[in-house]
Every structure is written in C-alpha cells, then in structure tokens.
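Before any comments, here is the structure.
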Amino acid sequence: MTPKSKLYQPEHWRGRAEATRKKAEALADGKAKDRLLKIAVEYDKLARRAHVWQMHKDEDDPWHEEEL
C-alpha cells in the first residue's frame, strides 16, 4: 500500500464508522446491531492509527506499533 492510499487517511475510516453506526441504528436491538457497533469501534481505532501514522510519517525516526 502506498501512503496515498485511502487506507492511510483517517477520514476514510471515520466515514466507515459513521456509516456503520447509521446502519446499526436502523436495526432493532439484537446481535446484528451489537456486531455493527463493535465494527464501528474498530473503524474508529483504524482512524486513530491512520492519524498517528500521518503525524509521524515525516519524522526521521520510525514510529513503533506501541504508539498506536
């Protein structure tokens, strides 16, 4: 993957999280709704990781997985 890929853009993951939450809201309470909400949380985590990556991509020192 290249840094220009949308997978490195926090906005991509935030959008996925928002869309997933909207789908979950349309469902009645249940397992499917809970699963979608958990997926949205994971998308939020990916957005944070992409944000950290963007912050560190220009530094000379490589960043470590622990920072995420």
Side-chain angles (χ1 to χ4, degrees):
M1 279 183 280
T2 65
K4 293 183 180 182
S5 169
K6 65 182 175 183
L7 301 179
Y8 287 92
Q9 299 172 6
E11 300 81 20
H12 168 74
W13 297 112
R14 287 186 195 115
R16 301 275 310 243
E18 182 180 340
T20 303
R21 282 192 185 91
K22 284 183 181 181
K23 288 179 184 178
E25 289 174 8
L27 297 175
D29 290 332
K31 289 182 182 181
K33 183 174 186 170
D34 292 341
R35 287 182 184 151
L36 284 176
L37 292 173
K38 287 179 183 179
I39 291 168
V41 169
E42 295 302 316
Y43 284 145
D44 287 331
K45 289 178 186 178
L46 288 169
R48 284 191 295 274
R49 289 181 72 145
H51 177 75
V52 168
W53 182 85
Q54 283 186 341
M55 290 175 50
H56 292 283
K57 72 179 180 179
D58 295 326
E59 294 180 3
D60 291 336
D61 296 327
W63 52 279
H64 300 283
E65 188 73 19
E66 296 87 36
E67 294 180 29
L68 304 175

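This structure is a prediction, so every number in the text was calculated from the model and none was measured. As a basis for the values below, the full set of heavy atoms in this structure was taken, side chains included, without hydrogen atoms, waters or symmetry mates.
When all heavy atoms of Ala50 and Pro10 are compared, the closest pair comes out as CB-N, 3.7 Å. The shortest non-hydrogen separation linking Trp13 to Leu7 is NE1-O, 2.9 Å. Taking every heavy atom of both residues into account, Leu36 and Thr20 meet most closely at O-CG2, 3.1 Å.
Between the side chain of Trp53 and the backbone N or O of Tyr8, no donor-acceptor pair lies under 3.5 Å.
Under the salt bridge (Lys or Arg N to Asp or Glu O under 4.0 Å) criterion, Glu11 pairs with no residue, sequence neighbours left out.
Note: the hydrophobic cluster containing Leu37 does not contain Tyr43 (ILVMFWY, side chain heavy atoms under 4.5 Å, direct or indirect links).
A distance of 7.0 Å separates CZ of Arg14 from NE2 of His51, quoted to the nearest 0.5 Å.
Counting only residues at least two apart or in different chains, salt bridge (charged side-chain N to carboxylate O under 4.0 Å, His left out) contacts with residues 35-45 comprise Arg21-Asp44, Glu42-Lys45.
A 6.0 Å sphere centred on NE2 of His12 holds more than 12 heavy atoms belonging to other residues, nucleotides or ligands.
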Using a 3.5 Å cut-off and no angle test, enumerate the donor-acceptor pairs between side-chain atoms of residues 24-31 and protein atoms at least two apart in sequence or in another chain.
from  : atom 1 : to    : atom 2 : distance (Å)
Asp29 : OD1    : Lys33 : NZ     : 3.4

